[in-house]
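Written out below as structure tokens is the structure these notes cover.
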Amino acid sequence: ARRVLDAHRNRLASFNDDIQGTSGVACAAILAGLQGLGATLGQGPIVIFGAGTAGCGIAERLERLLIRQGLSPDEARSRLWLLDRRGLVYAGRPGVRDLALPWAADALRMEALAQAGAQPDAEGRVGLLALLEAVKPMVLIGTSTVAGAFDQAVIEALCRGCARPIVLPLSNPTALAEVTPDDLLRWSEGRALVATGSPFAPVQVAGTMRQIGQCNNCFVFPGLGFGALAVGAREVSEAMIDASLEALAAVI
């Protein structure tokens, strides 16, 4: 997907939905959630579990947004922690895909992580639970297709580090979701804000029904494509996608 996008984006009005549509709608959900909590992007770490096309697309979009807030590229990347199925992505770890290398934790960040109590095991892995306990993120995103990856221990550790975490289990179909909203809201005692990649029924929390928002690309890509055609755009720029997600965040 990345190769095709890079080959054509500057000569045809085109974009890749898995990279840019997913990143747009996910970032819109994050911005809306942070606004509702009175927080801002960059105020705390963000953990992305899933280092494929979608996860790396989200990391790239978040980095852009953080830089627009005044952070340097290094500062922006230091807010982002990326994991694949083998654990934390860090410089020098075997098996890291080229796609994920820009967000690999460097030696300095790994040293700080070790001081916080999380260091690679005998196989060179830093797992999700250990990472959450060390960095205490505000946002946890799942694009891993590992069903149940956000188990009770993970959610409870997340809530110990952040009073009102934002959790986006985006893997679909429903059977591959990292956590169900029912489990998430029960384990977090209703404190987590959640949007999912697949449709889920409302969940009862403390006597009230919580509607589960679907963080789906369909809220970005049809309008983005139609808008590009309507104005005769020669290409679909990253700034257009930024504008689309900010407009979406404003109405969530």
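- Between the side chain of Q20 and the backbone N or O of N16 there is at least one donor-acceptor pair closer than 3.5 Å.
- Of the possible polar contacts, one joining the R210 side chain to the G190 backbone as a donor-acceptor pair under 3.5 Å is found.
- Between the side chain of R79 and the backbone N or O of G42 there is at least one donor-acceptor pair closer than 3.5 Å.
- Residue pairs meeting the salt bridge (charged side-chain N to carboxylate O under 4.0 Å, His left out) criterion with at least one partner in residues 156-179, sequence neighbours excluded, are E133-R160.
- Using modelled atom types, no side-chain atom of R61 and backbone atom of G24 make a donor-acceptor pair closer than 3.5 Å.
- Atom CG of D98 has 12 or fewer neighbouring heavy atoms from other residues, nucleotides or ligands inside a 6.0 Å radius.
- Using a 4.0 Å cut-off between charged side-chain N and carboxylate O, D242 and R64 make a salt bridge.
- Salt bridge present: D183 and R186 bring a charged side-chain N and a carboxylate O closer than 4.0 Å.
- Under a hydrophobic-cluster definition in which Ile, Leu, Val, Met, Phe, Trp and Tyr are linked whenever side-chain heavy atoms come within less than 4.5 Å, directly or via other members, I48 and L31 are assigned to the same cluster.
- In this structure S72 satisfies the side chain to side chain contact (heavy atoms under 4.5 Å, CB included) test together with D74, E75, sequence neighbours excluded.
- Remark: side-chain polar atoms of T143 are paired, donor with acceptor, to backbone N or O of G50 under 3.5 angstrom.
- Under the 4.0 Å criterion applied to side-chain N and carboxylate O atoms, E63 and R77 are assigned as salt-bridge partners.
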In a table with atom names and distances, give each donor-acceptor pair under 3.5 Å that connects a side chain of residues 245-252 to protein atoms at least two apart or in another chain.
residue	atom	partner	partner atom	Å
E246	OE2	R68	NH1	3.1
E246	OE2	R68	NH2	3.0

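- By the 4.5 Å heavy-atom criterion applied to side chains, W103 and E60 are counted as neighbours.
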R93/D84 under salt bridge (charged side-chain N to carboxylate O under 4.0 Å, His left out): CA gap, chis, key distance, verdict: CA-CA 11 Å; R93 200 207 79 187; D84 60 18; 2.7 Å; yes
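- Checked by atom type and distance alone, the side chain of S171 pairs as donor or acceptor with a backbone atom of S144 at under 3.5 Å.
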